[in-house]
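Here the structure comes first, spelled out in structure tokens, and everything after it is commentary.
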Amino acid sequence: MKILFVSANSNPLVPPVNGDAQRTRLLYEACKRFAEVDVVSLAGQPLRTPQHGRMRKWLALLPFSKITALFPVDPHWEAVVDAVVKKTDYDFIVARYFYRALSCGLWKYRDKLIVDFDDELPFFFLNQLAPDAALTRRIRLKLAARKAKHITRRAVQKMRGAFFAEECVAKANGGRFLPNIPYYVEGCADADLHIQIKRLVFVGHLDYQPNQEGLSHFLDRVYLPLRGRITDVELHVVGQIKDEVMRQRWQGYPGVTVMGFVDDLRQEYAECQVAVVPVYHSGATNIKLLEAMAMNRACVTTKEAFAKLGDRFVADSDLGVAANDNGFVERLVTLLTDEQANHDMAHRAKAVMGKYYSFDAFCEMVKTAIG
């Protein structure tokens with residue numbers, strides 16, 4: 001079996017630096033287990049789609065408009081992929097993200113095309129909704145998100161296959177469920193609660209709007225009240241960041257260190273007592289939540305992020321789930337002061353991770369869907 005793996009967001013042949021790249025690498029490695037795989041990586045290449053006027057952008061939202069009207073093709077990317085496809089008779093073409101597959105001109109190969117949607121397609125537009133955006137832009141993006149939801153159902157019916165990172169979304173669109181799994185699986189020793197300064201860790205792509213909004217909310221509404229209860233607490237914020245304004249803002253909170261990208265993420269988990277995932281809206285399962293649990297760390301997250309996990313984890317048993325800011329504080333106080341509660345929660349979560357979120361299980365799902 002021969003597969004062409006097309007990626008426009010990250011290169012699966014190089015070490016991944018964020019959750020997006022990790023899932024791309026994992027999908028590529030899974031395909032390699034049962035097929036011969038060629039790779040076309042357009043990561044880092046500028047997207048050169050036609051620049052349409054304001055009227056064309058609104059016309060793309062009409063019910064009868066083509067799929068490519070909303071997601072135009074990049075002629076250069078299309079030419080690169082077409083040249084490769086012409087040389088080899090591939091059984092399947094696997095790509096990450098539907099909108100990027102369209103940009104690469106892959107829609108004409110839809111009888112062979114399998115796309116990992118990952119997030120729901122509407123989030124491509126909803127994540128562009130800045131709080132200070134003009135009213136017309138907000139309306140257009142919301143209408144585009146609604147149209148994208150209908151496009152997903154139609155596209156999945158016409159393609160060879162589709163993966164989604166949420167089980168309910170996969171069922172709703174007739175696709176296959178492919179869960180996010182942690183890239184790093186070697187766990188850490190139990191958290192040490194006997195040291196004086198207790199450390200929280202937040203890991204994520206720090207230029208991603210849901211992470212920025214969640215972390216800013218957490219610092220104001222949870223972290224500062226927590227320091228009023230436990231004075232010897234600090235927070236390490238880990239992940240790629242280009243936004244220097246946000247970096248400086250977060251650094252201004254007492255005890256907060258914005259680490260940025262780190263070479264050894266495992267060390268950050270090993271030296272913390274609790275991992276926090278204060279995400280209030282996102283496209284799919286937060287991979288950093290799963291990663292922290294695989295690292296044997298007790299976690300506290302929001303009810304919104306917990307809802308994305310499905311039914312494999314038990315709230316406030318396998319991980320702390322906060323319905324509000326005060327609940328977040330209370331769960332952190334318990335996990336930073338009660339060693340038994342901390343270790344028991346971490347162990348229960350890690351057991352679930354080993355059963356349902358292993359790389360072997362991930363590979364079997366990919367093979368079943370493609371092979």
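These values consider heavy atoms only, across backbone and side chains, with no hydrogens, waters or symmetry-generated copies.
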request  = Evaluate the criterion side chain to side chain contact (heavy atoms under 4.5 Å, CB included) for residue pair F218 and L235; output intermediate values, then yes/no.
outcome  = CA-CA 11 Å; F218 173 81; L235 171 67; 4.2 Å; yes
inquiry  = Please find the pair of heavy atoms, one from P182 and one from A294, that lie closest to each other, and give the distance.
reply    = CG-CB, 3.7 Å
request  = To the nearest 0.5 Å, tell me how far R229 CZ sits from T337 OG1.
outcome  = 9.0 Å
task = Tell me, please, which residues at least two apart from D116 pass salt bridge (charged side-chain N to carboxylate O under 4.0 Å, His left out).
result = R23, R96
ask   = Angle class for the F98/F117 ring planes (parallel below 30°, perpendicular above 60°, tilted otherwise)?
value = parallel
query = Does atom CZ of R221 have more than 12 heavy-atom neighbours, drawn from other residues, nucleotides or ligands, at distances under 6.0 Å?
reply = no
message = Between D89 and K112, does any side-chain N to carboxylate O distance fall below 4.0 Å?
response = yes
request  = Show your reasoning for whether side chain to side chain contact (heavy atoms under 4.5 Å, CB included) applies to T302 and V277.
outcome  = CA-CA 7 Å; T302 61; V277 184; over 6 Å; no
K367 atom NZ, neighbour heavy-atom count above 12 within 6.0 Å = no
ask   = Nearest 0.5 Å, what's the OH-CD distance between Y183 and E29?
value = 7.0 Å
task = Please report the closest heavy-atom contact between A341 and T334, naming both atoms and the distance.
result = CB-CG2, 4.3 Å
key: Value rounded to 0.5 Å, distance of CG in N326 from CZ in R331   = 9.0 Å
task = Inspect the contact between D192 and R199 and indicate whether a charged nitrogen and a carboxylate oxygen are less than 4.0 angstrom apart.
result = no
ask   = Take atom CZ in R154; do more than 12 heavy atoms of anything else shown fall under 6.0 Å from it?
value = yes
query = Any luck finding a side-chain donor-acceptor pair between Y109 and D82 under 3.5 Å?
reply = yes
task = Taking all non-hydrogen atoms of both residues into account, name the closest pair between Q273 and N342 and its distance.
result = O-ND2, 3.2 Å
request  = Using the ring of Y356 (Phe, Tyr or Trp, six-membered ring only), decide whether R312 places NZ or CZ under 6.0 Å from its centre and within 45 degrees of its axis.
outcome  = yes
Atom pair CZ (F92) and CZ (R160), whose distance is rounded to the nearest 0.5 Å = 4.5 Å
task = Could you verify whether a donor N or O on one side chain and an acceptor N or O on the other, from D220 and Y253, lie under 3.5 Å apart?
result = yes
query = Yes or no on side chain to side chain contact (heavy atoms under 4.5 Å, CB included) for L265 and E291, after CA distance, side-chain angles and deciding distance?
reply = CA-CA 10 Å; L265 187 57; E291 182 178 84; 3.1 Å; yes
task = Indicate the atoms forming the closest heavy-atom contact of V366 with C31, along with that distance.
result = CG1-SG, 4.2 Å
note = So CD1 of I230 and CD1 of I197: to nearest 0.5 Å the spacing works out to 13.0 Å
ask   = Has K142 got more than 12 heavy atoms of other residues, nucleotides or ligands less than 6.0 Å from its NZ?
value = no
Which atom of A21 lies closest to which atom of S10, heavy atoms considered = CA-OG, 3.5 Å
task = Just do the side chain to side chain contact (heavy atoms under 4.5 Å, CB included) check on D118 and L27 with the steps written out, would you?
result = CA-CA 11 Å; D118 198 347; L27 182 58; over 6 Å; no
message = Nearest 0.5 angstrom please: L290 CG to N180 CG, how far?
response = 6.5 Å
key: Any pair counted as ring pair (Phe, Tyr, Trp, His ring centres under 6.0 Å), so long as it reaches residues 292-327, sequence neighbours left out   = F313-Y357
